[in-house]
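Everything below concerns the one structure shown next.
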Amino acid sequence: MKTKHIVLGVVLSASLALTACGGGAKVGAGAKTGEPQKGGTVSVLLNADYSHLDPAMGFDGGVNNFYRLIYRTLTTNSTVAGKTSEMVPDLATDMGKSSDGGKTWTFTLKDGVKFEDGTPITSKDVKFGVERSFDPALGIGSPYARTLLDDGSGYKGPYADKGKDFAPIQTPDDKTIVFHLNQPFADFGSVVGQNSFVPFPVGSGAGTAFDAKPIASGPYKVVSYNRGSELKLARNTNWSAATDTVRKAYPDNLDFTFGLDGATIDERMLADQSGDKDAISGGSLQPANVSRVQTPQIQDRAVKTTAICTTYMGMNTTKPHMSDVRVRQAINYAIDKSSVQTASGGSQLATIANTIMVPSLLGRKDFDLYPSTGNKGDIEKAKALLAEAGLSNGFDMTLDTRGTPMIQAQSQAIQQSLAKIGITVKLNVIDSSTFYEVIGTRSQQHDAAITGWCPDWASGATFLPPILEGKNITDKGNSNLAQLNDPAVNKQMATIAAMTDVDAANKAYGDLDEQIMKLAPLVPLVYQNGLQLTGSNIGKSVIGFNGGVDLVTVGLANAAK
């Protein structure tokens, strides 16, 4: 979902969608003295396949990191170390010009931007790409376009409503695109850097076409793809570095291998043998192997990021018992977060969370409404609240989860915590590659789910509204897993969204975090850290906003090898 989806967006973990705060990292044999070289092949080892190659459908952090290799958007995150939370122009010449009190935004395309077949990218292609996110079957990814551009006409995308003009987006010429929002939004220049703003040739990509064979606008194109097994990228010769200040495009090729056991990936990366010297792990180190990163040689190849995303248990407020705020508050009191932290790999890989917003967000407020000694849970307060709700004997509930070792351990920690207050938790294990799609389908949601969310940029606007605003409840692609539709929360979100002062808006989101937690629609569990390994021939790279090594900065220290 982060992606998150979301949350969890990212190359850091195929089992958890992760995105991350900005930063930099020195990794690889030549990392301390030289830049990566042009040429060669970089390998990426992953536990699970990416959710979708179609950017209208994918939204977890792992695939967000991948998308920038093959796609471009009007703006995107910087790749300057320490500044990756900043958005910069990509296909557009600038961050956009606003008018009409922040409800109208105009962007101009750069000269020389092309698709992989050499066809120029026009404003109509950008419009078409955004329109695709309104297709009920495809638009299960990033919600921002649907949220801010919905004009109430019931538009269903360019395939179902073929030939129907979508009035909120205008293209007066091939270089100019104008967005008419349904509300002011001061940071729309960051919104157009999201996946749903990837351009595609008008009329292309119906059904699942782009999940099998995308049309590239970035520096690489897909040359072969076997779902669940492998994905191979090669240079897109029609990408122009002169138009792109973000992507480095060092390797000639990138090879992705899916379906590897997490322990196997760890062993290969720790051993650093043969071709794995040119590889990076696509997921965080398994908790059991964290203690093995001790020697200087391995530490030099370890990339650590902190407080990347919030892992949480969303509670479905439409379900029996979960609709009672006292029950949700009781569950917040009962969870032994120290055991969840241990299950997450200990303090190296996780920090105990008490707020929804991750610490790296601007305006974030620190508070704890459900404190307990040693973060082990307050069983007495939890039982008292259940008694008030008429549930002294507890009840049965189903928790949607995944089969990866860390997530299973987290699930079992929750199961054991809630057993102490009489709640029997049944685990519904879902395959990692389809997890977010399943729990985002309301008809398939159970009582609760372990998931996470990561910021799309460093603002509460990318954290609270997507997962807790009432209008983001949808039958498919639902990011509001709690299905919270609280009038006061919705009103405050609308008020903040209309603010023209971005700093004031960020502070207001911090206060709103506390307001929402009084309703307890979810349990913040941990802020997920990451520990990623690279091969010894991987050169200096950057920790990206999507979490871990930013794939568009990766290259070999010695391409001749």
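Here the structure is a predicted model, which means the values were calculated and not measured.
- Taken to the nearest 0.5 Å, the CZ atom of Arg292 stands 10.5 Å off from the OG1 atom of Thr295.
- Separating the CE atom in Met315 from the CG atom in Leu522 is a distance of 6.5 Å, to the nearest 0.5 Å.
- Each of His52, Lys476, Gln444 was checked for a side chain to side chain donor-acceptor pair (under 3.5 Å) with Glu437, and the lone residue meeting it is His52.
- Asp272 and Ser536 share a side-chain donor-acceptor pair at under 3.5 Å.
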>> Run Asp511 and Lys507 through salt bridge (charged side-chain N to carboxylate O under 4.0 Å, His left out) and show every step you take.
In response: CA-CA 7 Å; Asp511 293 333; Lys507 181 180 182 302; 3.5 Å; yes
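- Between the side chain of Ser417 and the backbone N or O of Asp336, at least one donor-acceptor pair lies under 3.5 Å.
- Using a 3.5 Å distance cut-off with no hydrogens or angles, the side chains of Thr257 and Glu230 do not pair a donor with an acceptor.
- Atom CG of Asp324 and atom CG of Leu385 lie 9.0 Å apart (nearest 0.5 Å).
- Between the CE atom in Met517 and the CD atom in Gln329 there is a gap of 9.0 Å [rounded to 0.5 Å].
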> Hey, mind stepping through Asn77 and Arg68 against side chain to side chain contact (heavy atoms under 4.5 Å, CB included) and telling me if it holds?
Replying inline: CA-CA 10 Å; Asn77 286 93; Arg68 296 209 303 171; 3.8 Å; yes
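- The line from OH of Tyr50 to OG of Ser433 is 13.5 Å long, rounded to the nearest 0.5 Å.
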> Does the pair Leu386 and Ile423 meet the rule for a side chain to side chain contact (heavy atoms under 4.5 Å, CB included), with working shown?
Replying inline: CA-CA 10 Å; Leu386 282 187; Ile423 298 177; 4.3 Å; yes
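- Interatomic distance, Leu399 CG to Met397 CE, rounded to the nearest 0.5 Å: 5.5 Å.
- Looking at Asp266 and Asn289, their side chains do bring a donor and an acceptor atom within 3.5 Å of each other.
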> Does the pair Thr553 and Asp550 meet the rule for a side-chain hydrogen bond (donor to acceptor under 3.5 Å, both in side chains), with working shown?
Replying inline: CA-CA 6 Å; Thr553 70; Asp550 191 335; 5.1 Å; no
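- Side-chain contact between Ile379 and Ile421 is present, with heavy atoms from C-beta onward closer than 4.5 Å.
- Around CG of Asp501, the count of heavy atoms belonging to other residues, nucleotides or ligands within 6.0 Å exceeds 12.
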>> Test side-chain hydrogen bond (donor to acceptor under 3.5 Å, both in side chains) on Asp447 and Asn316; report intermediate values, then the result.
In response: CA-CA 5 Å; Asp447 299 291; Asn316 188 342; over 6 Å; no
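- Checked against the 6.0 Å centroid criterion, the rings of Phe197 and Tyr144 do not qualify as a close aromatic pair.
- Under the ring pair (Phe, Tyr, Trp, His ring centres under 6.0 Å) criterion, Phe185 pairs with no residue at all, not counting sequence neighbours.
- Here the two rings, on Trp457 and Phe188, have centers that are 6.0 Å apart or farther.
- With hydrogens and angles ignored, the 3.5 Å screen pairs a side-chain donor or acceptor of Thr317 with a backbone N or O of Gln483.
- Scanning for ring pair (Phe, Tyr, Trp, His ring centres under 6.0 Å) contacts around Tyr527 gives an empty result, with sequence neighbours left out.
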>> Val489 vs Glu469, test: side chain to side chain contact (heavy atoms under 4.5 Å, CB included). Steps then yes/no.
In response: CA-CA 7 Å; Val489 170; Glu469 189 169 13; over 6 Å; no
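- Between Ile543 and Val549 the shortest side-chain heavy-atom distance does not fall below 4.5 Å.
- Aromatic ring centres of Phe256 and Phe66: separated by under 6.0 Å.
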> Between Asn472 and Asn480, does a side-chain hydrogen bond (donor to acceptor under 3.5 Å, both in side chains) hold up when you go through it step by step?
Replying inline: CA-CA 6 Å; Asn472 287 328; Asn480 185 345; over 6 Å; no
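- Residues Pro521 and Ile516 share a closest heavy-atom pair of CD-O, 3.4 Å.
- Side-chain contact check for Met57 versus Asp211: some heavy-atom pair is nearer than 4.5 Å.
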Could you list the donor-acceptor pairs under 3.5 angstrom formed between side-chain atoms of residues 341-348 and any protein atom two or more places apart in sequence or on another chain?
residue, atom, partner, partner atom, Å
Gln341, NE2, Ala350, O, 3.0
Thr342, OG1, Ser338, O, 3.1
Ser344, OG, Val340, O, 2.7
Ser344, OG, Gln410, NE2, 2.8
Gln348, OE1, Lys304, NZ, 3.1

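- Between Ile473 and Asn485 the shortest side-chain heavy-atom distance falls below 4.5 Å.
- The shortest side-chain heavy-atom distance between Ile356 and Leu468 falls under the 4.5 Å cut-off.
- For the pair Val526/Thr351, no side-chain contact is recorded, criterion being any heavy-atom separation below 4.5 Å from C-beta on.
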> Is there a side chain to side chain contact (heavy atoms under 4.5 Å, CB included) between Asp276 and Ser43 once you walk through the steps?
Replying inline: CA-CA 8 Å; Asp276 290 337; Ser43 299; over 6 Å; no
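- For the pair Ile439 and Thr441, the minimum side-chain heavy-atom distance is 4.5 Å or more.
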